[in-house]
Amino acid sequence: MTAVLIALGDEFRRDDGVGPAIARALRSGGLPAQILISQGDPVELIESWSGATVAVVLDAVRMEFPRPGRVHVLDPADLDTTTATGTHGFDLGAAIALGHAIDRMPDRLVIIGVEVADMAHGPGLSPDVAGAAPIVARAVVDTLFPGKDVPPMSPGALVRDSGVVPTTAESSLRTPPSRR
């Protein structure tokens with residue numbers, strides 16, 4: 001089984017760095033997946049997930065009425081029905097459509113989005129977004145390796161990336177934003 005975690009984000013745009021921060025923490029904890037940190041190049045995404053048994057795209061999302069730190073686990077089909085948008089200059093839905101068109105998709109693709117609010121320039125996650133780390137890590141592991149324990153994530157791994165130690169956060173796991 002090939003498991004891939006693709007974390008999107010810019011670590012120098014505050015909360016947009018949530019994906020890379022959590023991916024690095026999971027990597028340091030020994031998550032046995034291929035882990036890629038990307039700023040969202042569609043070709044890179046397609047190459048990374050092509051042929052995988054399961055792939056997770058982890059990204060920050062903006063909502064019309066944000067609740068920073070809230071976690072959403074979405075099926076790609078939900079992208080057309082949600083009010084969530086990514087924080088990058090590309091359309092993830094278009095990359096998925098292209099992957100389907102050229103037959104370069106994983107067997108299963110899941111998108112995990114973390115609601116954000118602070119997209120200012122500079123490093124560091126807001127406390128609410130950093131606090132979502134345990135919920136996000138659980139969602140990633142449940143998707144890539146059902147039934148497995150979450151690898152230990154040193155708070156220091158997130159502190160280096162964000163300056164904030166995770167605490168708690170609200171989750172809407174398995175509930176697309178459009179169905180709240």
Side-chain angles (χ1 to χ4, degrees), residues 1-11 16-61 69-79 82 84 86-88 90-115 125 129-130 132-158 160-162 166 169 171-176:
M1 176 175 126
T2 304
V4 179
L5 170 60
I6 304 167
L8 303 179
D10 183 341
E11 296 171 280
D16 193 44
V18 66
I22 291 172
R24 282 194 177 90
L26 286 169
R27 180 186 290 149
S28 72
L31 184 71
Q34 178 184 341
I35 298 175
L36 170 74
I37 295 173
S38 172
Q39 293 212 4
D41 175 64
V43 173
E44 183 180 46
L45 293 176
I46 293 167
E47 287 298 317
S48 298
W49 70 42
S50 180
T53 305
V54 61
V56 168
V57 175
L58 172 58
D59 198 7
V61 294
R70 186 168 216 188
V71 180
H72 302 276
V73 177
L74 304 169
D75 182 279
D78 292 325
L79 287 179
T82 182
T87 59
H88 311 285
F90 80 99
D91 180 349
L92 181 57
I96 292 168
L98 178 59
H100 280 294
I102 62 174
D103 198 28
R104 302 290 302 268
M105 291 297 294
D107 293 341
R108 180 171 179 235
L109 178 64
V110 175
I111 299 147
I112 299 176
V114 181
E115 288 185 36
L125 303 175
V129 171
I135 294 168
V136 175
R138 176 81 266 157
V140 168
V141 172
D142 283 349
T143 302
L144 295 176
F145 305 103
K148 300 290 182 182
D149 290 333
V150 175
M153 288 193 332
S154 158
L158 287 175
R160 279 193 300 279
D161 288 326
S162 70
S171 170
S172 67
L173 296 182
R174 309 275 181 236
T175 305

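Quick note: residue numbers are just sequence positions, from 1. Excluded from the calculations below are hydrogen atoms, water molecules and symmetry mates; all remaining heavy atoms, backbone and side chain alike, are included.
Under the 4.5 Å side-chain criterion, counting only non-hydrogen atoms from C-beta, Glu44 is in contact with Leu36. Using a 4.5 Å heavy-atom threshold, the side chains of Val71 and Ile112 count as touching. When side chains are defined from C-beta on, Val114 does not count as touching Ile135, because their heavy atoms never get closer than 4.5 Å. Using a 4.5 Å heavy-atom cutoff, the side chains of Val18 and Val136 are not in contact. Between His72 and Ile111 there is no side-chain heavy-atom pair separated by less than 4.5 Å.
Asp16 places a side-chain N or O within donor-acceptor distance of the main-chain N or O of Asp10, the cut-off being under 3.5 Å.
Heavy-atom minimum distance, Leu109 versus Pro76: O-CD, 3.2 Å. For the residue pair Ile35 and Ala23, the shortest heavy atom distance occurs at CG2-CB, 3.8 Å. Across every non-hydrogen atom of Pro151 and Gly29, the tightest pair is CB-O, 3.1 Å. Residues Asp107 and Thr53 approach most closely at CB-O, 3.1 Å, considering heavy atoms. Nearest approach of Ala7 to Pro20, heavy atoms of both residues: CB-N, 3.8 Å. Taking each heavy atom of Val129 and Gly69 in turn, the nearest pair found is CG2-N, 3.9 Å.
Note that CG of Asp103 is 11.5 Å distant from CD1 of Ile46, once rounded to the nearest 0.5 Å. For the atom pair OG of Ser48 and CG of Asp41, the computed distance is 9.0 Å after rounding to the nearest 0.5 Å. Separating the CD atom in Gln39 from the CG atom in Leu45 is a distance of 11.5 Å, to the nearest 0.5 Å. Between Glu11 atom CD and Leu125 atom CG the span is 9.0 Å, to the nearest 0.5 Å.
Sorted pairs that involve residues 26-40 and meet salt bridge (Lys or Arg N to Asp or Glu O under 4.0 Å), not counting sequence neighbours, are lacking altogether.
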Should Leu26 and Leu5 be marked as a side-chain contact (heavy atoms from CB on, under 4.5 Å) after you check the CA-CA gap, both sets of side-chain angles, and the distance that decides it? CA-CA 10 Å; Leu26 286 169; Leu5 170 60; 4.2 Å; yes
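In this structure Ala3 satisfies the side chain to side chain contact (heavy atoms under 4.5 Å, CB included) test together with Met1, Ala33, Val54, Leu144, Phe145, sequence neighbours excluded. For the salt bridge (Lys or Arg N to Asp or Glu O under 4.0 Å) test, residues two or more places apart in sequence or in another chain that qualify with Glu47 are Arg104.
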